[in-house]
Amino acid sequence: MGAVCCRPQPIDFDGDVNLFHFVLLRCVGKGAFGKVRVVQHKQTRELYALKYINKAKCVKMKAVPNVIQERRLLEEVDHPYIVNLRYAFQDDENCFFVLDLMLGGDLRFHLERLGSLPEETVRFYVAQLSSGLAFLHDNGIMHRSVSYSSFPSSDLPRLTLLPIYMKFTVYRDLKPDNILLDERGNAHLTDFNIAVHFGERKLTGVAGSMAYMAPEILTKRGYTYYIDWWSLGVCAYELIFGRRPFRGRTNSDLTYSISKDPLKWPEDADKKCSRIGMQVLKGFLERDPTKRFGCKPHGEGYQELRRHPWFNSIDWDTLESKEQIPPFIPDAKKANFDASHELEELLLEDNPLKAKARKANQDNLSAEMRQMEEQFTSYDFKKMQRRSYYPHNQHIISTATGTSSGMASSRPGTPANDLRGEHGITIAGNSLDGGDSDMIRAEKITSEKDFP
Ligand SMILES: Nc1ncnc2c1ncn2[C@@H]1O[C@H](COP(=O)(O)OP(=O)(O)OP(=O)(O)O)[C@@H](O)[C@H]1O
């Protein structure tokens with residue numbers, strides 16, 4: 001009889017996706033609310049990254065709307081240079097994102113080890129990331145959310161003239177930490193927890209990592225997705241020269257530097273970057289967003305970027321099919337992850353992740369737990385079509401703290417025990433447009449290297 005109790009339960013692959021469908025492998029990263037580990041789907045044998053977020057911690061840190069927003073936005077996008085969502089589900093303890101696995105590590109990891117990257121490598125990443133950003137920005141720009149079938153047919157000629165929703169997506173968190181390489185060395189955008197949709201009204205909420213924030217975010221007069229091209233410029237500069245273009249010891253020094261300091265180049269800049277490359281960096285780091293490189297409206301900025309001579313070596317026609325050989329191939333033998341994550345999991349974790357059946361009774365949940373239960377819905381890329389939640393995704397209100405203006409509750413920052421210690425204080429900001437999750441991650445400049 002004893003053998004019966006130990007026999008593994010059959011797995012229902014036809015039912016909703018859950019943690020029993022995966023073999024849990026090594027731990028490769030740690031985020032603000034949970035961890036990231038490699039998993040293998042037991043039926044397809046495909047490897048993925050499993051990002052899991054502790055629900056109680058998420059409620060405590062008032063991050064429920066952010067997690068739901070990230071889940072919804074990720075369902076919507078699918079692009080070769082974005083870390084795409086493949087499955088989403090939850091159990092009593094955690095929310096789970098199953099994502100494309102990136103075995104090459106993040107660019108912060110490589111930058112810290114190498115000091116700086118060759119211009120040619122950075123150009124390749126900038127091309128791939130530009131393609132990802134242009135996709136996000138343009139993603140369904142015109143979004144018809146009127147269901148024509150709900151109107152009498154006599155109204156149809158008039159209805160075709162109805163204004164249609166303008167919809168843009170702004171990523172807002174571009175930095176080397178959020179650029180992941182696959183095992184072949186292709187760069188991908190990840191971490192969509194402060195990305196947001198918006199319509200015709202500009203965004204005003206202060207969100208992102210301060211060192212990468214465009215000046216128009218800091219002046220609080222409203223901004224659009226043009227900010228992402230600025231952040232791409234900061235990243236490219238940092239990757240090529242090993243230090244950021246604008247720096248400050250305090251938040252106000254950094255704000256001043258981003259808003260006012262002239263763009264300076266390291267003394268040995270011309271050894272690391274061609275004149276034409278510097279022209280591109282300067283173009284991204286233009287304070288006036290209407291003159292910024294990449295920012296001409298209706299996708300023209302991206303087309304202009306593709307035609308720029310700095311990108312002559314890039315074959316744009318095959319870029320998205322990943323046929324080009326990346327200039328830097330991460331060494332598969334050396335772990336491209338901080339080994340302390342796995343060690344910490346093995347030695348210090350007192351509640352290791354384990355697949356558990358759900359409790360039948362969900363009656364006594366707090367308002368936020370219920371919100372997660374209802375809105376962090378399951379997704380399975382093999383069985384479901386991707387869908388857009390817009391315009392509803394704009395106004396995710398925390399059940400506990402939301403106001404009638406639709407303001408999302410604030411999300412405090414990365415805990416101090418983040419092993420890499422890259423993010424410092426996080427404070428809440430307020431969004432007047434209601435579509436902007438409110439978060440600022442001010443950054444301690446701890447990992448900078450100074451050139452003479
Ligand atoms: N798809 C992936 N494949 C491989 N490693 C990943 C993947 N996603 C994340 N990681 C690793 O896990 C680390 C933590 O990622 P995660 O997105 O959870 O944390 P984070 O950047 O701090 O975001 P958050 O603000 O959501 O906590 C990353 O820096 C990366 O090294």
Side-chain angles (χ1 to χ4, degrees), residues 22 25-40 46-55 57-58 61-71 73-74 77 79-88 94-113 132 171-195 207-209 212 330 332 335-342 344-345 353 376 410-424 426 437 439-443 447:
F22 299 90
L25 302 169
R26 64 174 296 205
C27 205
V28 289
K30 188 171 175 176
F33 305 105
K35 294 181 180 168
V36 178
R37 60 195 301 166
V38 180
V39 292
Q40 185 178 38
E46 289 283 343
L47 291 173
Y48 296 102
L50 175 79
K51 172 167 163 169
Y52 53 105
I53 288 171
N54 181 281
K55 295 205 267 189
K57 201 164 172 187
C58 185
M61 294 172 88
K62 298 190 172 21
V64 173
N66 297 69
V67 172
I68 295 166
Q69 172 144 313
E70 182 174 12
R71 141 85 192 79
L73 255 168
L74 276 173
V77 298
H79 187 272
Y81 298 118
I82 289 178
V83 177
N84 298 299
L85 180 72
R86 301 297 167 193
Y87 305 92
N94 295 298
C95 287
F96 299 96
F97 294 91
V98 179
L99 303 159
D100 292 337
L101 179 61
M102 299 289 131
L103 284 174
D106 62 69
L107 286 190
R108 174 71 62 209
F109 173 92
H110 292 293
L111 186 61
E112 279 177 2
R113 270 146 197 82
Y171 173 59
R172 301 203 291 193
D173 210 9
L174 193 50
K175 55 184 176 180
D177 320 57
N178 284 342
I179 303 169
L180 302 185
L181 300 183
D182 63 16
E183 72 282 11
R184 295 179 50 226
N186 295 301
H188 304 73
L189 295 168
T190 191
D191 203 350
F192 278 69
N193 62 42
I194 56 166
S209 297
Y212 301 87
N336 290 308
F337 304 101
D338 190 333
S340 57
H341 298 304
E342 178 63 4
E344 196 197 40
E345 182 70 12
L353 184 66
F376 193 95
S410 61
R411 174 190 166 179
T414 308
N417 65 357
D418 182 337
L419 291 172
R420 294 242 220 87
E422 278 150 14
H423 307 294
T426 300
S437 2
M439 187 176 101
I440 176 171
R441 282 176 169 185
E443 192 144 12
S447 58

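One-based numbering, in listed order, for ligands and for the atoms of each. Given the structure is predicted, the values throughout are model-derived calculations rather than measurements.
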Is there a donor-acceptor pair closer than 3.5 Å between any side-chain N or O of [X] and the backbone N or O of [Y]?
X: His110; Y: Leu181; value: no
X: His79; Y: Val77; value: no
X: Asn84; Y: Ile82; value: yes

Inset, instruction - Using non-hydrogen atoms of the residue, decide whether Val38 is closer than 4.0 angstrom to ligand 1. - result: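 No, Val38 has no heavy atoms under 4.0 Å from ligand 1.
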Per-atom contacts of ligand 1 with [X], taking only distances under 4.0 Å to non-hydrogen atoms:
X: Gly29; answer: 12 (O), 13 (C)
X: Lys30; answer: 13 (C), 14 (C)
X: Val83; answer: 1 (N)
X: Asn178; answer: 21 (O)
X: Asn193; answer: 24 (P), 25 (O), 26 (O)
X: Ala49; answer: 1 (N), 2 (C), 3 (N)

Inset, instruction - Quick one: sort the Tyr87 and Tyr48 rings into parallel, tilted or perpendicular, breaks at 30° and 60°. - result: perpendicular
Which option wins on minimum heavy-atom distance to [atom]: [options]?
atom: atom 1 (N) of ligand 1; options: Asp100, Ile53, Val36, Leu101; value: Asp100
atom: atom 30 (C) of ligand 1; options: Asp106, Leu99, Asp182, Leu103; value: Asp106
atom: atom 19 (O) of ligand 1; options: Ser209, Gly104, Gly34, Gly31; value: Gly31

Legend entry - Shortest non-hydrogen contact between Arg71 and Phe97, atoms and distance: CA-CE2, 3.6 Å
Legend entry - Euclidean distance, Lys55 NZ relative to Phe376 CZ, rounded to 0.5 Å: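 Atom-to-atom, Phe376:CZ and Lys55:NZ are 9.0 Å apart.
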Legend entry - Note, Arg37 side chain near Leu353 side chain (heavy atom, < 4.5 Å): yes
Legend entry - Residue pair Val67 / Asn193, side-chain heavy-atom distance below 4.5 Å: no
Legend entry - ligand 1 N/O within reach of Asp191 N/O, cut-off under 3.5 Å: yes
Inset, instruction - Between Met102 and ligand 1, find which residue part has any heavy-atom pair under 4.0 Å and reply side chain, backbone, both or neither. - result: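 Contact part for Met102 vs ligand 1: both backbone and side chain.
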